[in-house]
Every structure is written in C-alpha cells, then in structure tokens.
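Beneath this line is the structure, given in structure tokens, with notes to follow.
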Amino acid sequence: MIKVVKFGGSSLADACQFKKVYDIIKSESERRYVVPSAPGKRFKDDIKVTDMLYDCYAKVSKGADFADAFKPIKERYNQIIADLKLDLSLEDEFSKIKTCFEARAGRDYAASRGEYLNGIVLANYLGFEFVDAADVIFFTENGSYDSQKTMDKLSKRLEGVEYAVIPGFYGSTPNDTIKTFSRGGSDITGSIVASAVSADMYENWTDVSGFLIADPRIIEDPRPITAITYKELRELSYMGAGVLHEDAIFPVRKAGIPINIRNTNAPEDAGTMIVESTSQKPEFTITGIAGKTGFAVVNIEKDLMNSELGFGRRVLEVFEKNGISFEHMPSGIDTMSVIVHLEEFAKKEQEIIAGLHRNVHPDSVEIESDLALIAVVGRGMKSNRGTAGRIFAALAHSHVNVKMIDQGSSELNIIIGVQEDDFKKATKAIYDIFVTHRL
Ligand code: ASP
C-alpha cells in the first residue's frame with residue numbers, strides 16, 4: 001500500500017505544525033511520498049511565504065533593493081529550523097536565490113522557492129530523500145502541464161526510492177526555467193505524484209476536516225461530507241466550494257485513486273473521501289450546496305425566434321468573438337437568456353449588445369445583473385423523486401423568487417438562479433429542507 005500525502009501551508013506554518021506533520025507521516029509506514037506547500041499563515045493577519053516572495057520579486061523587477069523584503073523570508077525558515085533543532089543550514093540556498101533574483105529568474109521562480117526550501121527542511125526533519133520538482137514535473141514550451149513527460153520521468157525517478165519529499169506547486173519548462181501552477185497548485189503536484197507512483201490513496205492534509213455540505217459562512221456549523229464522487233466534487237468546486245484546487249482531481253481521477261481530505265489539527269477525524277464511484281448511500285438526498293454571486297443575464301427577445309435556423313449559434317458567436325464564455329443558456333420559444341460572469345462581461349457589454357443587433361436582429365436585448373447561481377449537487381437525486389419539487393417549495397416558503405432553473409442531464413445537479421440579495425436565504429432554505437429536516 002502506498003500513500004501520497006500533501007500538506008498545505010497552514011499545516012507547515014511553524015515548528016509546532018511541522019511536529020504534527022511528522023507524527024502523522026511516521027504513524028503509517030505507507031505514507032511514503034510527501035508533497036509540502038510553502039509555510040502559510042500562523043495567525044489571521046500573518047503573511048504566507050509565497051506572498052512574501054511575490055512581493056520581494058516585485059521589488060527585484062522594479063530594480064529596487066530587495067534585501068529588506070528577503071530578510072523576513074529567511075527568518076521564517078531559520079526559525080523553523082532552530083525550533084526543530086535541525087542540523088541544517090539554508091545559507092547557501094539563500095545566496096543562490098538572491099543571485100538568481102538579481103539575474104531576474106522570473107516571478108514563478110521566486111514563488112516556487114517557498115515550496116523548494118520547505119521541501120528541503122521537511123526532508124531533513126523526516127530523514128527522507130529530497131526530490132526537486134524541477135527535475136520531475138514538466139511543462140511544455142507554451143506553459144501547459146506536460147503529463148506524458150512528467151509521468152514517465154517521475155515514476156522512473158521514484159521507482160527505487162522508498163521515502164521522498166517532492167515540493168509542490170512548480171516544475172520546469174524545456175528551457176529549464178521554473179514554472180508554477182496557479183495558486184494553491186501544490187494540490188495538483190500531490191495528485192500527479194499519486195498517479196505516477198500508482199498510489200492506493202492520495203491524502204490531502206489541510207486545516208479543515210474535509211468538505212462541508214454548505215458554506216459555513218452562510219450555514220452555522222454545517223454537516224461534513226463523508227464521501228463524494230469526483231463528478232459531484234467537480235460541480236461543487238466549480239461553484240466555489242474551496243479546500244481543493246479544481247485541477248487536482250484530473251490526474252488521480254484518471255488512475256482511479258481516491259483522495260482523502262484530512263485535518264492536520266484533528267488527525268482523528270476521518271475527513272472526506274473523494275472517489276470515482278461508491279456503493280455508500282449518501283446520508284442525505286443532496287451531497288452539497290455551493291453558489292456564487294456576480295452573474296449577469298442577457299435576455300434576448302425576438303418573435304418567431306424558434307423557427308430561425310442557426311439563431312442560437314449566431315448569438316453565441318457574438319459572445320465568443322468578444323472572448324466571453326457563457327455559463328448557462330435557458331431559452332423559451334421567442335426568448336433566449338445567456339448567463340455570464342458580470343465582471344468579465346461588463347467590459348464588453350456594449351460591443352456585445354451591438355454585435356447581437358448586427359448578428360440576429362432581435363426585438364429587444366435586456367441585461368439584468370446581480371444574479372447568484374446555486375448548485376444543488378447529489379448522486380442521490382437520481383433515485384429520489386421530487387427533489388426539484390422540494391427545492392422549489394422550500395424557496396417559495398422562504399419568499400425567494402427563482403429566476404432560472406437548469407437541471408443537467410446527469411441528474412447530478414440542479415442549478416438555480418436567484419437575485420443576489422436572496423442568495424444566503426435560498427442556500428439556507430435548501431440546506432434546511434434536506435439536511436436539518438432530512439426530507
Ligand atoms: N504556496 C502556493 C500558494 O500559496 C501553492 C500552494 O500552497 O499550494 O498558492
């Protein structure tokens with residue numbers, strides 16, 4: 001049995017957290033490959049090392065003196081090393097980094113040093129081999145992740161290595177420059193390593209005991225999700241449920257490796273299991289609720305639109321030409337609505353209205369903003385009759401006006417559009433009906 005374990009920034013923020021991580025890893029010999037993030041926040045207003053590095057490199061780019069910005073970064077690591085009483089000095093590494101900063105090695109290089117240095121410290125503390133991600137995680141020349149090359153090199157590199165630390169978040173391009181994934185990308189590295197070593201489990205250790213059914217900022221003390229499928233999670237993460245980087249699902253999903261989200265500060269909690277498929281019956285009809293505000297609807301009306309061949313295509317062409325992707329497109333006989341992200345859309349709004357008039361000659365085009373979308377997700381909905389009915393009854397009782405409904409063909413989710421002012425009320429009504437009252 002092989003487990004790949006990834007620890008987030010808050011799990012490695014100081015020596016006290018490092019000790020918890022040590023105990024977790026050493027308590028199971030299957031926990032063989034460790035992927036660390038850079039040290040995160042120790043307290044609410046603390047600054048993550050990654051952010052300090054970005055800030056420091058911004059000074060480098062301006063040609064300003066960066067010694068003062070680099071000092072607190074060094075201190076964070078030196079403090080951890082001293083508190084753990086390690087026989088390790090990073091002075092050589094610090095001077096190499098300074099030299100590379102002076103040579104303008106790039107913003108990604110700068111950010112990646114957070115994970116790189118933390119990997120060296122953690123490997124030393126655990127007595128594991130350090131494997132630099134630059135030698136095993138690859139990007140193509142145009143900057144996209146190179147799965148084939150990575151899988152090939154990474155699995156070969158780890159073949160004879162029983163225990164190793166591979167820093168998260170970055171890799172290298174064919175011309176040997178360092179490139180990072182997007183923020184929170186150590187989750188992706190963990191998933192890649194799990195896939196490369198054909199792990200039995202990818203444990204992702206963070207500071208919460210897994211996913212919750214709803215956002216705790218809206219619902220007080222929501223119930224945890226014990227098991228969720230990749231597909232369900234994809235729907236929920238897309239709609240804003242945090243915890244795991246959206247792209248971290250793909251590498252393990254391909255290999256059918258389950259992900260277990262665990263809490264470094266409460267290792268006794270089972271956390272959330274993310275699986276391909278499960279016979280485990282969900283506790284409630286719904287697995288989770290997630291939502292986002294900040295959408296706009298473009299309502300297009302034209303008499304006899306339904307009989308005009310290619311109408312929809314010509315509408316979408318206008319959005320495409322302006323680089324705006326659409327979220328949903330509910331339609332009536334003579335109406336069609338296109339739902340878009342307001343922030344993106346606002347910049348192109350007038351071009352799009354003009355384009356629609358040119359392309360489809362509508363009777364009217366109207367824009368409504370302040371729309372929120374709520375996704376109600378659950379594999380249990382397929383086998384349960386009346387789920388939609390219960391959702392809408394609950395919303396009606398709470399005096400929430402439903403502006404849009406979209407049920408995917410998978411019957412895995414129902415998306416509901418409501419006015420932004422009703423967003424929290426609607427989420428609460430849905431949570432209560434399925435979870436609090438277990439209907
Ligand atoms: N340290 C990086 C960040 O703050 C990557 C990560 O933590 O996953 O985004």
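Note that ligands are numbered from 1 as they come in the structure, with each ligand's atoms numbered from 1 the same way.
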Can a side-chain donor-acceptor contact be found between Glu93 and Tyr77 if the only test is distance below 3.5 angstrom?
no
Any idea which residues sit under 4.0 Å from ligand 1, heavy-atom distances?
Ser37, Lys48, Thr50, Glu115, Phe169, Arg183, Gly184, Gly185, Ser186
Students often mix this up, so state it plainly: with edges at 30° and 60°, are the rings of Tyr125 and Tyr22 parallel, tilted or perpendicular?
tilted
Would you say the side chains of Asp187 and Asn204 form a donor-acceptor pair under 3.5 Å?
yes
Between the side chains of Glu268 and Asn263, does any donor sit under 3.5 Å from an acceptor?
no
Pair Asp132-Tyr170, side-chain donor/acceptor within less than 3.5 Å:
yes
Are Asp14 and Gln79 close enough that a side-chain donor and a side-chain acceptor fall under 3.5 Å?
no
